[in-house]
Amino acid sequence: MPSITPAQFYLPGQYQPDQSVGHLMNKVLSSIVAQADADLAPYKLTYVQWLPLYKLLMNESQTAAQLARDMAIDPGALTRSLTRLENKGLIQRERSVQDRRVVHLRLSAAGREVAQHVPRVLADVLNGHLQGFSQTEWTLMRQLLQRMLSNGEALKQRLAKATATDPTGLN
């Protein structure tokens, strides 16, 4: 497998955290989440609540473990959010009849009603953040972000392979 030379856009002695792509992406995401939270406040939802509702709306039945992986959040934090959603009557937990250890999550009728508002709010918030972008710029940004995700996955796989070869990380 040929070695891939990493890009050299950042140099240790010249690194400016506030100009980091990661920092800027994090700031944009924080802005999107804050605005979505504000717009979903009338439904008494926060990010840690509206995101699972939205995910369940898109994929009817999931387990908490699947949802935590999909959302890339700690299962314990998700469990607390799910408990709040269940207490609000927005989701239902159903134990699997095939495997009692597995608990499926489903939207209640009230949860479905509330979750129906999330796609419109997200579309409005994202479109607001993309104000002034052309169709070409929007498409290019998505392609570039997808490439960054692919590069990150490749880095993760190389690290896993290197760790499997040398678990100490010394060689």
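The analysis underlying the following values was restricted to heavy atoms, covering all of them including side chains, and did not include hydrogens, waters or symmetry mates. Owing to the predicted nature of the structure, the values given are computational and were not obtained by experimental measurement.
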Short side-chain to backbone donor-acceptor contact, Arg142 and Trp138, under 3.5 Å: no

CA sep, side-chain torsions, deciding dist, call: Leu53, Leu85, side-chain contact (heavy atoms from CB on, under 4.5 Å): CA-CA 9 Å; Leu53 284 181; Leu85 290 170; 4.1 Å; yes

Any donor-acceptor pair under 3.5 Å from Gln131 side chain to Gly128 backbone: no

Polar side-chain atom of Ser31 near backbone of Lys27 as donor-acceptor pair, under 3.5 Å: no

Criterion side-chain contact (heavy atoms from CB on, under 4.5 Å) on Met25 and Leu145, from CA distance to verdict: CA-CA 10 Å; Met25 287 189 300; Leu145 290 170; 3.4 Å; yes

Flag side-chain contact, heavy atom, 4.5 Å: Arg106 against Glu94: yes

Note, Leu56 side chain near Gln62 side chain (heavy atom, < 4.5 Å): yes

Donor on one side chain, acceptor on other, Asp39 and Gln35, under 3.5 Å: yes

Under 3.5 Å donor-acceptor, Ser108 side chain and Gly89 backbone: yes

Worked verdict on Val118 versus Leu57 for side-chain contact (heavy atoms from CB on, under 4.5 Å): CA-CA 9 Å; Val118 175; Leu57 180 67; 5.9 Å; no

Contact check, side chains of Leu82 and Arg93, non-hydrogen atoms, under 4.5 Å: yes

Greater than 12 external heavy atoms within 6.0 Å of Arg101's CZ: no

Phe9 atom CZ, neighbour heavy-atom count above 12 within 6.0 Å: no

Modelled atom types, side-chain donor and acceptor of Gln66 and Thr63, under 3.5 Å: yes

Geometric class of the His117/Tyr43 ring pair [parallel <30°, tilted 30-60°, perpendicular >60°]: parallel

Candidate pair Met141 and Leu130, rule side-chain contact (heavy atoms from CB on, under 4.5 Å), full reasoning: CA-CA 10 Å; Met141 181 170 24; Leu130 292 165; 3.4 Å; yes

Whether Gln19 side chain and Gln16 backbone form a donor-acceptor pair below 3.5 Å: no

